[in-house]
Student: 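Before I ask anything, here is the structure I am working with.
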Number of protein chains: 2
Amino acid sequence: MRLAAFNVVAVARLVYNYGFLCYHIFMIYLDHAAATPVSDKVFEAMKPYFSHDFFNPSAAYLPAKKVAADFEAAKGVIAHAIGAKASDLVITAGATEANNLAFTSINLDGSCRSFSSPTSQGSVGDPLHDRHPSILYLETEHDSVRKIAEQYGGEAVRVLPSGVIDLKDLRAKITDETQLISVSLANNELGTIQPLTEISGIIREIKIDRLKRGIKTQLLLHSDASQALNLLDINVARLGVDLLTLNSAKVYGPKGVGALCVSHDVRLKPVVYGGGQENGLRSGTENVPSVIGFAKAVELAKEHLNGNRKKFASWRKILLAELQGYELINKKHSLDNFVVLCYNGIDAERLVFLLEEKEVYVSTGAACAASKGIKSHVLKAIGLSDAEIAGSLRLTLGETNDEEQIHDVAQIINGVVATERERLNG
Amino acid sequence: MRLAAFNVVAVARLVYNYGFLCYHIFMIYLDHAAATPVSDKVFEAMKPYFSHDFFNPSAAYLPAKKVAADFEAAKGVIAHAIGAKASDLVITAGATEANNLAFTSINLDGSCRSFSSPTSQGSVGDPLHDRHPSILYLETEHDSVRKIAEQYGGEAVRVLPSGVIDLKDLRAKITDETQLISVSLANNELGTIQPLTEISGIIREIKIDRLKRGIKTQLLLHSDASQALNLLDINVARLGVDLLTLNSAKVYGPKGVGALCVSHDVRLKPVVYGGGQENGLRSGTENVPSVIGFAKAVELAKEHLNGNRKKFASWRKILLAELQGYELINKKHSLDNFVVLCYNGIDAERLVFLLEEKEVYVSTGAACAASKGIKSHVLKAIGLSDAEIAGSLRLTLGETNDEEQIHDVAQIINGVVATERERLNG
């Protein structure tokens, strides 16, 4: 009898878990740079704030004030993880919005930010160039930086074939009008880690020189750390950045929430006007459950940082040893969980499709670009030919994987590539 | 034995429910205009999308495409509830952002939208007035409309002492340069329902007249329906609005998500640049769980609309009958769940505090304004004196209440008011 009753519970639990908490049982997911599942602990942390502690943090009664305090504490946890204070953070609805917000730091000196004719200002050949602020961004940046930078007439800084910023090109492009330089901490297609400390060193030099010459134009460094938060030990002071973008959805936190860490001497303009939340920069009732979840995700990321890095590095080695007939694209300076491969003469989009049939999920590049059939500007920037770009596959390892999967997936990919080569040759 | 085993399950379920799904057991929450808890059914609908169907909707493989399809279907459900199509909706991170987005419909004709000196354009006494677009908004609008309208040099339209728009003032203020009129469907402090159909009728007349005179300036009607979505049967065509703001957090859906319904002939400008999601107007990885929850909440709101209206109307009657020594502020044209009272000579902020001690949660006005100690511009607009404003209490009924609570809360409020009056007289 007891057995029977417990079996009911066990079966019920299995059904519940299968339908919800567990990942898909047979899949091998290697696209953690595109999205990560919300981890169990994160979900548990968020849960009370949906239906129980649901109050508006701006309300005057005690339970609402408790929610407001929990929200502030969560901001404190996120900030602490990167060596900042809660008051340095502006919570946004994601990294894209945070990147957009960072660009409001630009001082337009009364000249107008014309959204209808973005190319009319600050472009290189513009005779009025001197009167406009200059913005520099790395040519391999994610669209959420590139597109807003283009709105401001920003100029792209080149990368070397390694994917690392060309510091000579950066130095050459900085003028006395340069106000903002945006370089992601780690690239979203290659995982390339940029030498932020070196860049901030150059900026410091230039600022000292400007000071000597009585030039008061600001020179800020912004970095999108979306991909790096759970793989690098980030400290804003050590990196020397003025503005840093964080992303919950890439670190096993909920989607639709991110943050911009803002140095105290930087002045931003609101992206959304209203009730005055987030110091007036981002009005709207606080998304409490998501920020609580984001904080838990950041806490866990910090806790597992070293263990995960070692694990991913060893899995990366396994993949590179067991995979066959590829060329490695991200050879150096990469996050440990990025493996970007080129299969010459093969259409990687077909590989994605063939792997999908075996429940192996990989990508050809950034999800938002890939979905539109746009060729990767990142792979182009590091000098790959169109054919090489077409044969490129991005595998990004993560917490849904285990070592067995890594061995398995190497065999599966080898098999699929072999079949495809046969088809092409046959 | 079986009994014992089942008891364990029952107790476990109780603990689980107590800690999460149930509302606070003893509280009486009468601030549903500030925030609503996520309903159980909404939460259940969202759950799979956090950790199981977590894929990036832009990714190329099948499970991601399924998520993208679910996301689109959810948008369809929301749109259908207001007589629109999924493609008419722009999903935003909340109603505040949706209201801000609506204002990008203004055609600035190459003149710049100067965020640094908002008052320099379009103000009434401005000699350059003719060259600037004119924007009209109701003086009782929520800050998320007022503050962005002020950025564009908008002019406020007066309300009558009933809180309803003064249509004469509206007519008088519409010029040939007027491009946008923003009037909420129901006010967030009084619940006053605005005669949108009459307003859109006036707009139609003016558009016909403009056409005759060869004036091509657009004239759009925007309405923030945040408070009304679960209390009025909304149809965009019947209302005659071009732009409609929806809010998930006020209808028992998750916080941090909303939508702007946009008529097909209206052109907006992006608020956030990046990967190009939401037709390029609102870039950023889609917040899938929240939109799924939002759709479920809208579906339930529609389903329970008539039942809830009747229930709230009857509870409102009970309150008005059983409460003592008050003056009713929102006498007419109000949503059924708003009861706004004035206790002359009493400080309503003290009432909020005294009621809080009895686990009764009410408000003195909009949460974001109340938290900053700002006097309600809404109550001022309908002609209340400072003393009357100070004595005003907003009770907003909702799905966490039952009839017993309504009787109880009348007695509790009466008691607290009596004690306070004694204290003041003694």
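Just so it is clear: chains get the letters A, B, ... in the order the sequence lines come, proteins before strands, and each one is counted from 1. Values in this document were obtained by computation on a predicted structure and should not be read as measured data.
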Student: Say whether, by atom type as modelled, one donor and one acceptor occur between the side chain of A/Asn100 and the main chain of B/Tyr273 under 3.5 angstrom.
Tutor: yes
Student: Where does A/Asn287 contact chain B at under 4.5 Å (heavy atoms): side chain, backbone, both or neither?
Tutor: both
Student: Please name the pair of heavy atoms, one in B/Ala93 and one in A/Arg282, separated by the smallest distance, quoted to 0.1 Å.
Tutor: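 It is CB-NH2, 3.4 Å.
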Student: Grab the two heavy atoms, one from B/Thr96 and one from A/Val272, that are nearest each other, plus how far apart they are.
Tutor: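 Closest pair (atom of B/Thr96, atom of A/Val272, distance): CG2-CG1, 3.4 Å.
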Student: Classify the ring geometry between B/Phe43 and A/Phe50 as parallel (under 30°), tilted (30 to 60°) or perpendicular (over 60°).
Tutor: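 Taking A/Phe50 first and then B/Phe43, their aromatic rings sit tilted (interplane angle of 30° to 60°).
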Student: Examine whether an atom of A/Val257 lies under 4.5 Å from a heavy atom of chain B, and if so say whether it belongs to the side chain, the backbone or both; otherwise answer neither.
Tutor: neither
Student: Side chain, backbone, both or neither: which part of A/Glu286 has a heavy atom under 4.5 Å from chain B?
Tutor: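 Just its backbone gets close to chain B.
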Student: Counting heavy-atom pairs under 4.5 Å to chain A, which of B/Glu97, B/Lys147, B/Lys255 comes out on top?
Tutor: B/Lys255
Student: So A/Tyr361 and B/Phe55, would you call those rings parallel, tilted or perpendicular, with 30° and 60° as cut-offs?
Tutor: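 Judged by the thresholds at 30° and 60°, the geometry between A/Tyr361 and B/Phe55 is perpendicular.
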Student: I need the minimum non-hydrogen distance between B/Leu62 and A/Glu356, along with the two atoms involved.
Tutor: N-OE1, 3.0 Å
Student: Against chain A, work out which of B/Asn99, B/Val271, B/Val352, B/Thr36 has the most heavy-atom pairs shorter than 4.5 Å and name it.
Tutor: B/Thr36
Student: Which atoms of A/Ser283 are under 4.5 Å from chain B, going by heavy atoms: the side chain, the backbone, both sets, or neither?
Tutor: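 It is both, since atoms from each part get that close.
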Student: Counting only non-hydrogen atoms closer than 4.5 Å, does A/Phe353 touch chain B with its backbone (N, CA, C, O), its side chain (CB onward), both, or neither?
Tutor: neither
Student: Would you say A/Ser51's side chain and B/Ser39's backbone share a donor-acceptor pair under 3.5 angstrom?
Tutor: no
Student: Give me the one residue out of A/Val360, A/Val362, A/Asp31, A/Leu355 that meets side chain to side chain contact (heavy atoms under 4.5 Å, CB included) with B/Tyr61.
Tutor: A/Asp31
Student: Can you tell which of A/Gly293, A/Ser144, A/Gly258 has the highest number of heavy-atom pairs within less than 4.5 Å of chain B?
Tutor: A/Ser144
